[in-house]
Amino acid sequence: DAITAEVTGPGGVSVKVNEMVVDFGFFELYGLRPLAGRFFTRAANDAMEANANTPDTVVISESLSRALGYADPAYAVGQSRLWRPPLDMS
């Protein structure tokens, strides 16, 4: 089920989004390929589970990257964003 959240981008731009918690393999199942960055991997998932201090990772759409003010989706890779409410990864 999707949850509505608000994401704040560079310069304070806020965008309402629907978020959904998925696992590695989800995007590949549908034949999708990332425009920039990467999708979730088993290794990254295992590392996150082993270390509670690992920041949550997200995959955003090209539309959201542009709405947040990024001229190119690649500019959003590796950037920290404020999510309200915070992502619930449990």
Side-chain angles (χ1 to χ4, degrees):
D1 293 333
I3 300 166
T4 301
E6 186 175 348
V7 183
T8 302
V13 174
S14 289
V15 179
K16 288 192 189 265
V17 298
N18 290 322
E19 68 182 43
M20 193 169 124
V21 177
V22 299
D23 211 343
F24 59 89
F26 176 84
F27 298 104
E28 293 83 353
L29 177 67
Y30 292 97
L32 301 175
R33 299 177 71 154
L35 294 175
R38 62 171 173 78
F39 289 142
F40 306 117
T41 63
R42 182 182 303 269
N45 185 65
D46 291 347
M48 256 181 38
E49 288 180 359
N51 183 357
N53 295 325
T54 303
D56 294 331
T57 57
V58 299
V59 173
I60 65 173
S61 67
E62 179 180 15
S63 297
L64 179 55
S65 70
R66 294 199 189 285
L68 290 172
Y70 297 105
D72 184 297
Y75 298 148
V77 174
Q79 301 300 312
S80 294
R81 295 291 114 230
L82 177 61
W83 290 74
R84 288 182 304 271
L87 290 173
D88 180 6
M89 302 301 284
S90 56

**OP:** Tell me whether Val77 is reachable from Leu35 by hopping between hydrophobic residues (I, L, V, M, F, W, Y) whose side-chain heavy atoms are closer than 4.5 Å.
**Re:** no
Original post:
So which heavy atom on Ala76 is nearest to which on Ile60, and how close?
Top reply: CB-CD1, 4.0 Å
Original post:
Between Phe39 and Phe27, how do the two ring planes meet: parallel, tilted or perpendicular, split at 30° and 60°?
Top reply: parallel
Original post:
Ser14 and Thr8: which non-hydrogen atoms are nearest, and at how many Å?
Top reply: OG-OG1, 3.3 Å
Subject >> Interatomic distance, Glu62 atom CD to Asp72 atom CG [nearest 0.5 angstrom] >> reply: 8.5 Å
**OP:** Specify the closest pair of heavy atoms between Ala67 and Val15, including all atoms of both residues, with the distance to one decimal.
**Re:** O-CG2, 3.8 Å
Subject >> Among Leu29, Val22, Asp23, the one residue meeting side chain to side chain contact (heavy atoms under 4.5 Å, CB included) with Phe26 >> reply: Val22
Original post:
For atom OH of Tyr75, is the number of surrounding heavy atoms from other residues, nucleotides or ligands below 6.0 Å larger than 12?
Top reply: no
Subject >> Check: Ala5 main-chain N/O paired with Arg84 side-chain donor or acceptor under 3.5 Å >> reply: no
Original post:
Transitively linked via ILVMFWY side-chain contacts under 4.5 Å: Val58 with Val13?
Top reply: yes
Original post:
So do Arg66 and Ser61 actually touch side chain to side chain, heavy atoms under 4.5 Å?
Top reply: no
Original post:
Should Glu19 and Val7 be marked as a side-chain contact (heavy atoms from CB on, under 4.5 Å) after you check the CA-CA gap, both sets of side-chain angles, and the distance that decides it?
Top reply: CA-CA 10 Å; Glu19 68 182 43; Val7 183; over 6 Å; no
**OP:** Using a 4.5 Å cut-off on heavy atoms from C-beta on, say whether the side chain of Phe40 contacts that of Asn45.
**Re:** no
Original post:
Are side-chain heavy atoms of Pro10 and Gln79 found at a separation under 4.5 Å?
Top reply: no
